[in-house]
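Read the structure below first, then the notes.
Here is how names work: the chains are called A, B, and so on, in the same order as the sequence lines, proteins then strands, and each is numbered from 1. What's counted below: heavy atoms across the whole structure, side chains too, no hydrogens, waters or symmetry copies.
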Amino acid sequence: MTDPMLNFTTLNAKQLAELDSACGWSLNALELAEARRYFKKAGREPARGELETLAQTWSEHCKHKTFSGPVSFKAGGKTKKYKNLFKETIVKATRTLNKKWCLSVFTDNAGIVEFGDKGKWGLAFKAETHNHPCAVEPYGGAETGVGGVIRDILGVGLGAKPVLNTDTFCFGFPDTKMKMPKNSHPPERIFRGVVEGVRDYGNRMGIPTAAGGIYFDDGYCLNPLVYVGCAGLLPVDKIDKKVHPGDLIVSIGGRTGRDGIHGATFSSANIDEETTTSAVQIGHAINEKKTLDVIMRARDLNLYNAVTDCGAGGFSSAIGELGSETGARVHLDAARLKDTRIEPWEIWVSESQERMILAVPQAKLKKLAAILDAESCEYCVLGNFPGDGRLLVTHGETSVVDLPMAFLHGGVPNFEKPAVKRVVKINSKTPARPAKTYGHILKDLLAHPNICSRHSVITQYDHEVQGGTVIKPLQGRYGDGPGDAAVIWPQAATLDLNDFAGFAVGHGFNPALGKIDPYQMALQSIDEAVRNLLCTGAEISRTAIMDNFCAASPKDPRVMGDLVLAAEGCHDGAIAYGAPFISGKDSFYNQARDAEGREYPIPISLLISATAPVEDVRKAITMDFKEAGNPVYLAGVCGRGMGGSVYNDMTGPGNNYITPLDMKAAVRLYTTLLIAIKKGWVAAAHDVSQGGLAVTLAEMSFSGGLGAQIDLAGAVKEDGLSALELLFGESPSRLALEVAKEHETDFLKLVKGLPVKEIGHVTEEPALLTGDAGINFFREDIHQLKARWHRELI
Amino acid sequence: MIIEIWTKEKYSASEEAALSKRLGHAGLAVEAARLSRLYKVDGDFTAKEFRNIASELLVDKITEKFSLNGRPHGLKGAYRAEVWLKDSATDPVGETVKEAVEEFSGKTARAVRFGHAYYVACGSELKLRHAVGKTLVNEIVNISRIEKI
């Protein structure tokens with residue numbers, strides 16, 4: 001049989017598709033036809049390396065074709081057209097806000113905002129997903145996900161020092177009753193492997209893992225979501241980078257092997273029973289630590305002009321990206337290899353981990369080599385950036401790739417994707433009075449996997465390394481209460497022990513809302529993220545956010561419809577909260593297919609990661625009750641509806657109405673509350689989110705080892721609100737606050753006219769007593785509540 | 001040479017309980033369980049040198065024991081499951097130990113691979129194989145073998 005690569009330009013559409021499938025490229029018919037057209041016009045057949053390069057560069061993972069492409073969205077008989085959905089929603093919000101403290105957005109490996117008040121530092125922040133690899137090999141997938149996002153921070157500007165790792169996971173319920181396909185991993189195993197991977201990589205790198213969350217839904221049984229983030233600091237004069245013609249291409253860090261081939265194109269495919277093994281690998285944190293140490297030293301000595309990481313697509317992507325203007329000459333025979341049984345094109349696209357590419361002036365190579373040797377970090381000089389705009393890759397005398405950069409980066413065809421709004425039936429009838437007592441329901445909610453303690457995961461991570469984790473993931477009198485956000489004092493990067501500037505990192509995430517209303521999901525996720533930052537006392541007027549979308553196959557117009565609505569929500573939320581998007585990522589095809597052809601799509605999922613400065617980390621606050629006698633206030637309006645609540649997940653379908661977010665009211669409320677927190681009038685703040693107000697109050701009580709006597713008669717609430725909605729509804733923009741008794745008068749003057757009302761006081765007696773105008777809802781011992789909450793998840 | 005290292009009995013209860021619980025999740029009723037860490041060191045070392053590498057480099061003498069000839073596990077009618085990363089998978093522990101062995105001994109090790117041995121007393125080999133496959137082994141990156149001992 002003739003090698004189809006030898007007559008590529010004569011293949012018909014069916015033959016092209018067969019070739020694509022055999023090679024694992026995940027190119028669509030239009031892209032294959034465009035490649036064929038190019039080589040036909042060039043009058044030659046392509047080399048394997050050239051088609052591999054196109055597949056990597058044009059992959060969904062690298063080009064984000066879905067989100068940055070045209071979309072036609074139909075809803076209620078109207079059609080809205082987008083030329084570039086990403087630019088017309090996410091980017092548009094950032095451009096409109098035009099915050100001068102945003103130093104670099106959407107152009108580099110991570111977003112960068114100003115840090116501190118001296119104009120010296122930038123804070124880089126990035127979150128990635130590593131979903132497909134984790135579904136196949138949870139431990140290795142999670143490790144390499146963490147390693148990859150750390151390299152994004154090392155590769156932003158001229159390199160930032162990582163000071164915080166974040167992790168947010170979605171799994172199927174560990175005790176799921178769902179019938180799993182034969183070759184799949186049970187959710188409990190995926191969960192354990194992912195946690196161990198994140199733990200081992202972060203701990204070995206010496207970076208604290210201190211913020212994140214875990215969410216369970218059987219929609220993630222076959223497609224777990226693994227969001228990994230990293231924040232780092234760099235001097236503002238190290239943000240700009242530019243490859244100069246003549247610079248050498250220097251690869252540092254790990255060696256290149258056959259592991260991780262087709263990782264980028266794998267991300268553009270549904271996982272099925274035939275998923276190949278080469279797309280995943282095990283990370284090597286120690287190699288990356290050596291690379292980190294080299295970059296920090298070489299950066300400060302100005303030994304290179306540009307840097308980027310080898311992520312998806314390996315050399316092909318990293319060198320292609322750095323040389324997008326200058327072109328590149330690459331000699332693959334110079335690469336340091338793990339294994340000599342490797343084809344030249346495989347060296348080019350291999351995604352072996354822990355590699356960074358530097359653009360090094362010839363005259364500085366010797367000094368750089370001395371640092372590399374001192375840190376025991378391997379390196380090789382692969383070629384140079386010539387300045388002619390052409391990518392020429394060779395191995396010995398053999399040409400592997402010879403393509404113009406303009407075609408590589410600008411030649412990918414795109415097409416309009418249809419999107420439709422899903423119709424969801426809304427039941428807004430008053431929820432039925434439950435058969436169980438409210439106290440019983442509260443205990444069940446506290447033990448629910450989406451609410452219960454995460455200590456068995458969190459304590460595996462080193463969240464203290466670098467000595468800057470001021471507000472920790474576990475808080476309270478016993479160091480085991482559920483924090484809203486982490487506060488980091490990055491003195492390990494600034495080396496300034498007299499500067500107490502820090503930053504907070506929090507998240508917003510609720511796919512249960514997305515199943516009902518993706519627009520509200522996006523809005524309320526932004527609201528939750530901002531509220532979590534507020535609970536620590538962070539300066540929320542300087543909030544910067546990131547979007548990480550995960551969705552099923554974009555070939556389904558309903559999936560695209562969800563994406564459009566969530567993206568519009570992101571735009572509107574960012575504008576209302578004055579919080580620009582500084583970076584983001586999307587991951588599609590989170591959809592598995594079993595041997596019988598059944599599809600398992602995930603629900604639309606959007607993680608909002610947020611950061612805001614903390615002027616003085618010594619003044620940051622936590623969520624646990626501090627002192628008996630202090631009054632407890634509820635800020636925000638208790639709205640109607642149980643839509644998206646954990647209660648509904650526990651009891652089955654019923655009222656699924658979602659209270660729409662009043663963004664203006666929320667911003668006005670939060671801005672005022674921040675003043676009170678900064679003045680030291682608020683002793684504890686905790687957001688009302690999963691499980692509702694009763695869970696919030698229970699968590700504040702048992703984390704502080706104190707009880708509370710609560711009367712919700714004073715709470716601001718919508719007319720006709722049932723007790724169930726009041727206690728366990730999850731309407732947005734609410735916080736419970738413990739106000740210092742001695743500052744209560746000042747506090748009340750400040751919040752006059754806002755929906756902030758006293759609902760009770762903290763008690764020495766370890767019991768949570770909650771009622772409404774004389775009606776007793778429940779009286780529960782806080783130790784018993786804590787015992788139910790303090791489950792070993794893993 | 002395979003160097004087998006395990007935690008002394010007076011310190012091993014928690015790791016053994018965790019292993020039993022993990023296998024239990026996959027439906028196996030475990031009567032007793034032990035686990036060891038395995039280092040397969042490939043190099044031209046004498047028996048004395050291997051012993052030195054084990055005792056002076058790899059073992060925490062306070063909490064661990066080692067053997068070059070297999071572990072006396074003390075379980076009757078048990079099975080032994082041995083799990084390694086495939087040669088094609090990066091083995092960061094093995095690579096790090098290889099460097100350490102070379103610095104410690106002054107001699108080159110051709111390769112070091114890291115693995116685990118699990119000793120499990122249970123009633124059904126079939127159920128054990130299923131449980132190991134669902135909890136301890138991922139055929140994509142691991143090789144394993146189970147034998148009755």
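Sorted by first and then second residue, the pairs that involve residues 112-122 of chain B and meet salt bridge (charged side-chain N to carboxylate O under 4.0 Å, His left out), not counting sequence neighbours, are B:Asp87-B:Arg113, B:Asp91-B:Arg113.
Residues of residues 198-207 of chain A lying under 4.5 angstrom from chain B, judged on non-hydrogen atoms, are A:Arg204 in numerical order.
Atom CD of B:Glu9 sits in a sparse spot, with 12 or fewer heavy atoms from other residues, nucleotides or ligands closer than 6.0 Å. Environment of NZ in A:Lys179: sparse, with no more than 12 heavy atoms of neighbouring residues, nucleotides or ligands closer than 6.0 Å.
Distance check, rounded to the nearest 0.5 Å: OH of A:Tyr139 to CG of B:Asn142 gives 11.5 Å. Atom CD1 of A:Ile286 and atom CD of B:Glu95 lie 11.0 Å apart (nearest 0.5 Å). Distance check: A:Ile794 CD1 to B:His25 NE2 gives 8.5 Å after rounding to the nearest 0.5 Å. Taking CG of B:Asn138 as the reference point, atom CD1 of A:Ile190 lies at 10.0 Å (rounded to 0.5 Å). To the nearest 0.5 Å, atoms OG1 (B:Thr96) and NE2 (A:His284) are separated by 4.0 Å. Rounding to the nearest 0.5 angstrom, the gap separating the CD atom in A:Glu137 from the CD atom in B:Glu139 is 12.5 Å.
Classification of B:Arg22 and A:Glu196 as a salt-bridged pair holds, one side-chain N sitting under 4.0 Å from a carboxylate O.
Put simply, the residue from A:Glu143, A:Lys338, A:Gln353 that forms a side-chain contact (heavy atoms from CB on, under 4.5 Å) with B:Thr90 is A:Lys338.
The two residues B:Pro92 and A:Gly283 come nearest to each other via the heavy atoms CG-O, 3.2 Å.
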